[in-house]
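Computed over heavy atoms, backbone and side chain alike; hydrogens, waters and symmetry mates excluded. This is a predicted model, so every value here is computed, not measured.
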Amino acid sequence: YRIFMFPLFLFNQLLWSMFRPLTLATFIFLTLSCNHMLQAHLQSSSSSETSSPKVGGGAINEKKRWYGKEIEKSPSRSNRNDEHEIEKKLGVHALSPGKSNFDPENASSHLLHALAGLDRYPNYLSRWNFDLKDVDRLEQALEDQLAKVRLQKQNIMVRNQQLRLMKEKIVMKLKDDNDDEEEEVNGDFSSFDIFNVPYSWREIKLYVLHPNAADAIFGSRQFRSVTNSSNPPTVEEVVQGKVDIELDLHQLAEWMNEECFDVYSFPLLSKSFCRKIVKALQCFTEEANLDNTNLEKFGKTPVDLDSIGLSWVNDLIFHLVIRPLSRHLFACTEKFEDLDWRQGYIAGYSSTPSEEKGAQRHRLLPHTDDSEVTLNVGMGNEAFQGGDLVFWNLRGTQNEGRYVGEFHPKMGYAILHSGRHLHEVMQVTKGDRYAYIIWARSWKSLRQTTCPCCWLTRRRQSSHTSNNRCMCQPQWN
């Protein structure tokens with residue numbers, strides 16, 4: 001056996017000595033090539049996630065999500081292209097290791113801690129003599145955030161100006177295209193210009209509101225001049241927020257249904273008005289994609305009604321519906337005095353997402369909104385399949401993540417819920433689904449005494465002990 005195996009062993013050694021250099025070189029080459037390809041892919045993925053919104057999928061936004069995984073440190077969270085220029089300006093290596101692990105560029109908690117210190121303590125940075133490079137890092141992180149604010153502000157101003165110029169063309173296009181318009185019982189809707197604020201409540205009743213909504217709102221004592229010592233509020237006063245609207249409770253009982261805990265549904269807008277809004281949205285997105293300006297990304301993200309000349313719709317629904325209803329419905333669970341801020345936009349979901357039609361996603365992953373109260377109105381036709389709105393209970397409570405219920409959107413019907421109610425949009429499997437969303441906040445009361453962390457986790461609302469104080473409260477020290 002040994003005599004037979006010894007020649008085979010020598011032959012094997014001879015082959016190894018001949019091909020070993022080639023084998024090692026090949027291994028090193030493949031390793032370096034794979035590493036280079038991986039780095040290029042990561043850089044490409046990172047840049048695409050942060051620079052340009054994607055069409056399709058169900059992501060909440062374009063920022064990369066970690067979901068509890070170990071966070072990889074990137075060179076910088078900013079858009080700086082040349083670190084050497086920064087080093088020259090600062091006179092130090094901006095990202096060199098320091099004595100501490102302070103990293104406000106990549107750890108938002110570090111930046112929040114520093115901002116809280118600057119707000120609370122006089123001469124706060126005099127305590128940072130341990131490593132002045134940390135001050136450089138803080139300064140650069142703040143500069144990055146300020147640059148981001150200025151850039152986004154500039155982009156918004158330029159975009160809004162271009163959309164204003166485009167608006168005249170859209171108005172003419174909508175007037176010429178009356179194929180999908182239908183005649184209302186009491187008037188011809190095609191004569192109603194959605195870009196002009198209605199001058200009377202009669203127009204609001206005829207063209208904007210669902211009949212049930214009109215009955216509940218205008219049946220309240222504040223709008224019944226016969227029983228009211230003063231004149232009812234005008235459309236202009238309500239749109240401008242000059243008067244607080246009070247709706248009668250007995251009217252709400254006949255108008256609204258509680259779909260599940262803290263989630264209410266009710267008919268709100270007429271179908272013709274919904275179709276008119278969606279048609280205007282699609283005209284803007286189609287025109288923007290044909291335009292040679294920097295509007296090429298318009299339609300890849302939900303479209304603000306303020307930006308396309310429909311601010312009056314946001315203001316009307318906010319002051320006439322959301323504020324008065326929220327005082328009745330969310331006084332116990334949300335604990336705010338009143339709402340004083342709103343954002344209204346159209347979101348689109350589709351089995352075939354496209355920025356041209358303003359339908360950007362297939363679905364929307366479970367999330368909470370950056371709002372105290374959210375209004376969600378079905379806007380498109382009801383021929384789509386899937387796209388149900390599913391609720392998973394209030395974030396920051398013991399029942400967070402437990403299934404509560406779901407609702408299939410209907411044109412003109414609204415869902416009103418807490419912004420911190422965990423919810424998702426299921427995948428649209430056929431057709432297009434459009435929703436008119438309004439986020440409403442309370443800057444004056446709830447957010448004035450609550451930091452973002454306590455707000456999101458309901459820390460101050462989860463217990464009645466004195467230990468549950470927020471650093472934004474005046475007694476914190």
Side-chain angles (χ1 to χ4, degrees), residues 45 48-50 52-69 259-265 269 271 274-275 277-279 281-282 285-286 289 297-304 344-371 374-395 399-439:
S45 301
S48 64
E49 285 181 352
T50 56
S52 178
K54 297 179 180 178
V55 174
I60 307 304
N61 55 37
E62 290 72 51
K63 182 178 179 181
K64 190 170 184 177
R65 296 283 176 169
W66 293 99
Y67 298 108
K69 300 177 183 177
E259 295 292 330
C260 50
F261 172 67
D262 238 19
V263 178
Y264 305 89
S265 70
L269 302 177
K271 289 186 176 182
C274 293
R275 281 193 286 267
I277 295 291
V278 173
K279 181 63 177 177
L281 164 74
Q282 292 175 337
T285 54
E286 290 171 3
N289 279 275
K297 295 179 183 179
F298 188 78
K300 289 187 177 181
T301 57
V303 176
D304 278 302
Y345 60 92
I346 302 292
Y349 308 89
S350 177
S351 57
T352 56
S354 166
E355 63 264 32
E356 286 82 2
K357 58 185 178 182
Q360 308 87 7
R361 301 184 177 106
H362 291 98
R363 64 192 185 281
L364 196 58
L365 299 176
H367 66 283
T368 52
D369 299 333
D370 189 8
S371 66
T374 296
L375 182 81
N376 186 323
V377 187
M379 296 296 285
N381 63 61
E382 299 174 10
F384 66 90
Q385 295 179 6
D388 287 0
L389 190 59
V390 184
F391 292 91
W392 298 95
N393 226 302
L394 299 179
R395 176 165 283 179
N399 294 321
E400 176 185 336
R402 294 183 183 179
Y403 173 82
V404 178
E406 56 191 87
F407 178 81
H408 186 74
K410 295 186 289 185
M411 184 186 292
Y413 277 70
I415 286 284
L416 192 68
H417 63 86
S418 163
R420 291 177 286 183
H421 202 133
L422 197 64
H423 58 285
E424 67 177 310
V425 176
M426 302 301 289
Q427 180 146 336
V428 174
T429 56
K430 180 182 179 181
D432 305 321
R433 173 194 186 282
Y434 292 94
Y436 171 37
I437 312 293
I438 294 186
W439 286 2

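Listed by chain and number, the residues in a side chain to side chain donor-acceptor pair (under 3.5 Å) with E356 are S354 (sequence neighbours excluded). The side chain to side chain donor-acceptor pair (under 3.5 Å) search around Q427 returns none, not counting sequence neighbours.
In terms of modelled atom types and a separation under 3.5 Å, the side chain of K357 and the main chain of T352 share a donor-acceptor contact. The backbone N or O of A383 sits nowhere less than 3.5 Å from a side-chain atom of Q385 that would complete a donor-acceptor pair.
In summary, of the residues considered (N376, V377, I277, L281), a side chain to side chain contact (heavy atoms under 4.5 Å, CB included) with Y436 occurs for V377 alone. When each of R395, E424, H423 is paired with H367, the side chain to side chain donor-acceptor pair (under 3.5 Å) condition holds for H423 and for no other.
E259 contributes atom CD, which lies 10.0 Å from atom CG of L389 (distance to the nearest 0.5 angstrom). How far CD of E406 is from CZ of F391: 10.5 Å, rounded to the nearest 0.5 Å.
The side-chain heavy atoms of P353 and Q360, taken from C-beta on, include no pair separated by under 4.5 Å. By the 4.5 Å heavy-atom criterion applied to side chains, Y345 and I437 are counted as neighbours. With a 4.5 Å cut-off on side-chain heavy atoms, L394 and H421 count as touching.
Under the side chain to side chain donor-acceptor pair (under 3.5 Å) criterion, the residue pairs touching residues 407-419 are E334-S418, D388-H408, S418-R458, with sequence neighbours excluded.
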